[in-house]
Amino acid sequence: QVQLVESGGGLVQAGGSLKLSCAASGRSFSSSAVGWFRQAPGKEREFVAACNWSYGNTGYADSVKGRFTISRDINRNTVYLQMNSLTPEDTAVYYCAARRVYGGSYYSTGIDDYNYWGQGTQVTVSS
């Protein structure tokens with residue numbers, strides 16, 4: 001069992017930056033895919049970014065490509081989401097999610113493919 005804890009959310013002006021963290025406890029992220037998702041008020045949860053922990057390959061939603069960067073710190077067992085050039089449309093609760101990967105560089109953009117979730121952290125971008 002793994003527990004995920006997000007941090008780093010807050011209020012920022014449009015054009016600003018925030019860096020979210022997702023720390024794992026219970027077991028390491030080794031052999032896992034880790035994703036970031038977000039849910040804005042009145043909208044469905046959507047994929048933002050994901051990576052394969054072992055291989056380091058990454059994927060992004062078109063809406064954040066070029067602005068957001070997912071990265072990992074193996075020593076700290078933590079995944080980050082660096083968010084730059086934020087707009088009010090990025091306002092949402094951001095969730096970290098993880099799933100085991102049994103070999104290979106797999107990661108998923110699908111919500112249903114992840115079985116471990118954090119509690120979420122609020123990101124609010126003012127205009």
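All values below were derived from every heavy atom in this structure, side-chain atoms included, with hydrogens, water molecules and symmetry-related copies excluded. Computed from a predicted structure; not experimentally measured.
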Heavy-atom pair with the smallest gap, counting every atom of Pro88 and Ala14: CD-CB, 4.2 Å
Trp117 to Tyr114 - nearest heavy-atom pair and separation: NE1-O, 3.2 Å
Donor on one side chain, acceptor on other, Ser17 and Asn84, under 3.5 Å: yes
Arg67/Asp90 under side-chain contact (heavy atoms from CB on, under 4.5 Å): CA gap, chis, key distance, verdict: CA-CA 11 Å; Arg67 300 188 299 123; Asp90 295 315; 2.8 Å; yes
Donor-acceptor pair, side chain of Thr91 and main chain of Val125, under 3.5 angstrom: yes
Contact list for residues 38-57, test ring pair (Phe, Tyr, Trp, His ring centres under 6.0 Å), sequence neighbours left out: Phe29-Trp53, Phe37-Phe47
Backbone of Arg76 reached by a side-chain donor or acceptor of Thr78 within 3.5 Å: yes
Cluster link Val79 to Val64, ILVMFWY, side chain under 4.5 Å: yes
cation_pi(Arg45, Tyr95) dist<6.0 Å, angle<=45: yes
Distance, nearest 0.5 Å, that separates OG of Ser71 from NZ of Lys19: 5.5 Å
Where at least one partner belongs to residues 105-123, residue pairs that pass salt bridge (Lys or Arg N to Asp or Glu O under 4.0 Å), sequence neighbours excluded: none
Min side-chain heavy-atom separation Cys96-Val34 under 4.5 Å: yes
Closest approach of Met83 to Tyr94 (non-hydrogen atoms, all atoms of both residues): SD-CE2, 3.8 Å
Any side-chain donor near an acceptor of the partner, Gln122 and Thr124, under 3.5 Å: yes
Hphob cluster co-occupancy, Leu81 + Tyr116, side-chain heavy atoms under 4.5 angstrom: yes
All side chain to side chain contact (heavy atoms under 4.5 Å, CB included) counterparts of Ser25, not counting sequence neighbours: Gln3
CZ on Arg72 to OG1 on Thr58, rounded to 0.5 Å: 10.0 Å
Side-chain (Arg99) to main-chain (Ala33) donor-acceptor, under 3.5 angstrom: no
Cation-pi geometry met for Lys65 and Tyr60 (6.0 Å, 45°): no
Closest approach of Glu6 to Thr121 (non-hydrogen atoms, all atoms of both residues): CB-CG2, 4.0 Å
Exercise: identify the closest heavy-atom pair between Ser28 and Ser32: O-OG, 4.3 Å
Joint cluster assignment, Val5 & Val123, ILVMFWY side-chain distance < 4.5 Å: no
Audit row: Ser105, Asn52, side-chain hydrogen bond (donor to acceptor under 3.5 Å, both in side chains) steps and yes/no: CA-CA 6 Å; Ser105 59; Asn52 179 285; 5.7 Å; no
Gap separating the OH atom of Tyr80 from the OG atom of Ser7, nearest 0.5 angstrom: 8.5 Å
Cys22 and Trp36: CA distance, side-chain angles, deciding distance, side-chain contact (heavy atoms from CB on, under 4.5 Å) verdict: CA-CA 9 Å; Cys22 174; Trp36 284 98; 3.6 Å; yes
4.5 Å side-chain heavy-atom contact, Val48 and Phe68: yes
Closest approach of Arg100 to Ser30 (non-hydrogen atoms, all atoms of both residues): NE-O, 4.3 Å
